Amino acid sequence: MCEVIFMKAPICDFVKKYCADGALRLHMPGHKGVCFLGVEQRDITEVEGADVLYSEGNGIIAESECNASSLFGTKKTLYSTEGSSLCIRAMVYLCAMRAKELGRETLILAVRNAHKTFLSAVALLDARVEWLFSHDDEGIVSCRVSAEALEERLSGMKEKPVAVYITSPDYLGNEADVRGLAEVCHRHGVILAVDNAHGAYLKFLPESRHPIDLGADICCDSAHKTLPVLTGGAYLHISRRAPELFSEMAEQAMQLFASTSPSYLILQSLDMANLYICDGYRERLAEICGEIASLKKALVEKGFCVIGDEPTKLALATKGYGYYGHEIAKMLLEKGIACEFSDPDYVVMMFTPEIDRGGIKLLLDALCLIEKREEILERAPSVAEAERVMSVRQALMSSSREVAVEDACGEVLASATVSCPPAIPIVVCGERIDERAIACFKYYGIEKCRVVKK
């Protein structure tokens with residue numbers, strides 16, 4: 001873990017000076033600092049002094065990452081300019097290297113609502129996955145697994161996985177019992193890896209709910225989802241309790257999958273976020289959490305069903321109010337309010353301190369104008385465990401053909417996933433498509449899929 005006494009923004013400081021010096025830019029990018037969108041002057045490449053991402057050096061990027069590591073309380077934090085997707089692939093790679101170190105096959109026990117990037121990483125690294133399914137009725141987007149259920153599953157496995165992989169918080173704002181799951185994993189000598197893409201801010205609540213503080217060995221945060229960071233900015237966090245191999249090979253893991261042309265605009269944004277966090281962010285975060293708590297209370301009193309644990313996310317289960325989720329989202333859009341996500345069952349909205357009280361009142365007023373209707377009794381089809389025909393890698397590397405979902409029964413899925421929004425698998429590559437899966441496809445509006453050629 002890095003120790004920082006006085007926080008600076010070394011990447012931003014370098015780029016500011018570089019712009020002020022007015023060098024003739026006989027290097028990439030092709031815009032040469034001339035403004036077309038308005039940001040080009042600060043959009044540089046790896047010029048002398050700008051450092052190289054994942055170089056394991058002591059330059060300005062390493063200094064900024066050290067600042068972030070200090071803020072998050074990690075052994076090591078690395079930046080991603082390619083979102084949590086890059087970090088997820090790196091996490092799977094590090095788990096594979098840990099398995100190799102232990103002389104074992106790379107077996108990962110994962111929650112079924114894992115993002116499709118996890119599946120692409122499994123395919124690329126030829127890892128094996130066994131799935132954890134939820135026992136609740138919140139459909140595909142969520143996958144609640146208790147510490148007791150994980151203990152039972154791990155105790156019954158003849159071959160122990162190298163890691164357990166979970167998503168927390170999920171898209172509906174449900175937070176897993178990370179502390180309990182971590183204790184079970186460590187009791188069995190298993191890594192806990194967390195897709196915390198939606199939860200970077202959890203570290204800065206009055207009592208941290210960040211996975212690293214709750215016992216996770218490694219996790220990713222999408223800084224751009226909940227902090228004022230440009231789209232694509234993310235963190236890979238490695239805990240002080242993680243195997244030494246993780247911190248030793250972290251740069252190599254990221255470098256293996258990353259572009260060699262990282263965005264310096266995103267790097268500056270991540271760098272500036274460190275100063276933002278230091279400058280009263282905890283207080284502003286606590287204030288917005290209080291505002292959202294009041295909003296949720298008012299909506300419950302109005303008759304809405306509010307779900308999820310996240311303090312800055314509002315997720316409504318809308319059928320009890322008589323509407324499909326996408327109907328509510330459309331009504332709000334007509335009022336000038338754009339939601340994060342909607343499907344037939346839910347509508348989701350995300351808040352940060354950058355949303356003021358006026359915005360919250362606008363939303364509350366718009367929702368309160370919607371009259372309650374008779375409950376919609378239709379329920380989302382559940383997804384049961386499918387027949388595994390071949391490995392994820394074998395299926396993804398097979399010749400495939402596109403078919404209408406009505407004609408897919410009995411076929412083996414060739415795509416990484418057929419997913420409902422937001423990128424959560426209904427069927428996984430290498431699994432056989434059955435009638436239950438087809439019912440799900442139709443429910444979420446999926447008309448075609450790719451299957452393995454016979």
Side-chain angles (χ1 to χ4, degrees), residues 85 110-120 131-144 167 169-174 195 197-198 305 307-308 313 315-333 338-350 375-387 392 395-396 400-451:
S85 294
V111 289
R112 185 65 175 199
N113 68 335
H115 191 276
K116 66 181 181 181
T117 299
F118 172 74
L119 271 299
S120 68
W131 295 107
L132 287 162
F133 286 85
S134 177
H135 299 293
D136 63 28
D137 60 353
E138 289 185 335
I140 292 170
V141 180
S142 291
C143 187
R144 292 180 185 266
T167 302
D170 64 27
Y171 230 98
L172 300 181
N174 296 310
D195 175 354
H198 284 244
C305 178
I307 64 170
K313 184 175 285 180
L316 303 177
T318 58
K319 284 182 178 175
Y321 203 74
Y323 296 84
Y324 292 102
H326 47 70
E327 289 182 293
I328 296 288
K330 184 178 179 182
M331 292 176 184
L332 291 175
L333 189 58
C339 299
E340 165 62 26
F341 162 73
S342 67
D343 69 5
D345 298 278
Y346 306 105
V347 61
V348 176
M349 290 148 275
M350 298 173 67
E375 180 181 2
I376 297 172
L377 298 177
E378 178 190 19
R379 291 292 173 258
S382 60
V383 177
E385 194 162 355
E387 178 191 356
V392 173
L396 191 62
S400 63
R401 59 192 177 92
E402 186 176 76
V403 298
V405 295
E406 294 85 355
D407 302 323
C409 190
E411 302 284 356
V412 177
L413 184 69
S415 307
T417 65
V418 172
S419 60
C420 71
I424 293 167
I426 297 171
V427 178
V428 167
C429 191
E431 292 180 346
R432 194 178 302 282
I433 300 167
D434 60 18
E435 292 288 357
R436 297 167 303 176
I438 291 173
C440 259
F441 294 168
K442 292 180 178 179
Y443 183 79
Y444 288 107
I446 298 163
E447 298 178 350
K448 296 180 180 180
C449 61
R450 296 200 68 84
V451 299

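Counting begins at 1 with the first residue of the sequence. Note that this is a predicted model, so its numbers are computed, not measured.
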N113 (side chain) donor-acceptor with V141 (main chain) under 3.5 angstrom: yes
A437 and V427: which non-hydrogen atoms are nearest, and at how many Å? CB-CG2, 3.5 Å
Could you pull out the closest heavy-atom pair between T318 and Y323, with the gap in Å? OG1-O, 2.8 Å
Locate the shortest heavy-atom distance separating A414 from V451; write the atom from each residue and the value. CB-C, 3.7 Å
Rounded to the nearest 0.5 Å, what separates atom CG in L316 from atom OG in S342? 11.5 Å
Will you find, in the side chains of Y324 and E378, an N or O donor that is under 3.5 Å from an N or O acceptor? yes
Tell me if a side-chain donor or acceptor on K313 pairs with a main-chain N or O of D170 at a distance below 3.5 Å. yes
Quick check on the 6.0 Å ring-centre criterion: do F341 and Y171 meet it? yes
Nearest heavy-atom contact between D345 and K319 is OD1-NZ, 2.9 Å
Main chain of R144, side chain of S134: is a donor-acceptor contact present, judged purely on distance under 3.5 Å? yes
Within the side chain of R450, is there an N or O that forms a donor-acceptor pair under 3.5 Å with the backbone of S400? yes
Return the minimal non-hydrogen interatomic distance between V111 and W131, and the atom names on each side. O-CZ3, 3.2 Å
For C143 against R112, the heavy-atom pair lying closest together: SG-N, 3.7 Å
When you compare the side chain of R401 with that of E411, does any pair of heavy atoms fall below 4.5 Å? yes
